[in-house]
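Computation of the quantities below employed the complete heavy-atom set of this structure, encompassing side-chain atoms and omitting hydrogens, waters and symmetry-equivalent molecules.
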Amino acid sequence: FKVGSGDFVSPLSMELLSYSHRLDMRRGVVERSLVCRDKLGRITRIHSSRLASMADPHICALQYELTPCNYSDRITIRSSLDGDVINGGVARYRQLNSRHLSVVDGGEAPDGLDNEMVLHVETSRSLYQIVMAGRTTVFENKSPMPLTRLLTRKGGLISHEMTFNARENTTYSVEKLVTVHTSLDV
């Protein structure tokens, strides 16, 4: 996210005033809570919940609750689908090809799917098709905010940027729902 006219920045790169991370095995949800301070002294409280549905393996969801603690300003949220991911987690494999996806298409969803973005990639060896669709909604006091979405694309990274005027000590909820289907689902 970004505040005002600043740059997009990860909360984890800011000064962390508090941090907790937990896995709720009963509900199958990963939760993270943190309070961070940026270089201008603005303090933001963030609580996130993430899940991959076991009832429907095609659905993933996340929710961020964001509260500006000592400021009021414009906040911009960037919600993305990323086809540029690399497999770089194991040191001994880093010299091998780490890109296993190529982008076929991506952008705004077809008519009838308001506020959605889509990304179509295929695996480089087996040519399996993977299509993701994502919708992000921002809520204030449990009511959806009517926001304009700016679509950006950089390589295989498709994003919606949404800006709203945030008020001090008001919690805003950002909910993202993503569906994933592959050519193996047929």
Would Val174 and Val3 show up in the same hydrophobic cluster when neighbours are defined by side-chain heavy atoms closer than 4.5 Å? yes
Quick one, Tyr64 and Arg50 - any side-chain contact, counting heavy atoms below 4.5 Å? yes
Cluster overlap Leu150 with Val138, hydrophobic side-chain contacts below 4.5 Å: no
Keeping Asp84 on the side-chain end and Gly156 on the backbone end, is there a donor-acceptor pair under 3.5 Å? yes
Give a yes or no on whether the backbone of Thr44 and the side-chain of Asp38 come within a donor-acceptor separation of less than 3.5 Å. no
Going hydrophobic residue to hydrophobic residue with side-chain gaps under 4.5 angstrom, can you get from Val85 over to Met117? yes
Measuring only between side-chain heavy atoms, which start at C-beta, is Thr179 closer than 4.5 Å to Asp56? no
Could you check whether the rings of His58 and His181 sit parallel, tilted or perpendicular, using 30° and 60° as the cut-offs? parallel
Exceeds 12 heavy-atom contacts within 6.0 angstrom, atom OH of Tyr19: yes
Could you verify whether a donor N or O on one side chain and an acceptor N or O on the other, from Ser102 and Ser124, lie under 3.5 Å apart? no
Side chains of His160 and Thr136 in contact at under 4.5 Å (non-hydrogen atoms): no
Quick one: does Arg167's side chain get under 4.5 Å of Ser72's, heavy atoms only? yes
Suppose we screen for side chain to side chain donor-acceptor pair (under 3.5 Å). Which residues come up paired with Thr163, at least two apart in sequence or across chains? Thr76
Is there a donor in the side chain of His100 and an acceptor in the side chain of Thr123, or the other way round, less than 3.5 Å apart? no
Check whether any side-chain N or O of Thr182 sits under 3.5 Å from a backbone N or O of Leu184 as a donor-acceptor pair, and report yes or no. yes
Quick one: do Met162 and Leu157 end up in the same hydrophobic cluster if we chain Ile, Leu, Val, Met, Phe, Trp and Tyr together by side-chain heavy atoms under 4.5 Å apart? no
Should Tyr172 and Met145 count as side-chain neighbours, where that means a heavy-atom distance under 4.5 Å? yes
Taking a hydrophobic cluster as the set of Ile, Leu, Val, Met, Phe, Trp and Tyr residues connected by side-chain heavy atoms closer than 4.5 Å, whether directly or through intermediates, do Leu62 and Leu81 fall within one such cluster? no
Are any non-hydrogen side-chain atoms of Ile75 and Lys2 less than 4.5 angstrom apart? no
Just by distance, do the side chain of Arg153 and the backbone of Gly155 share a donor-acceptor pair under 3.5 Å? yes
Is it true that atom CZ of Arg149 has more than 12 heavy atoms of other residues, nucleotides or ligands lying nearer than 6.0 Å? yes
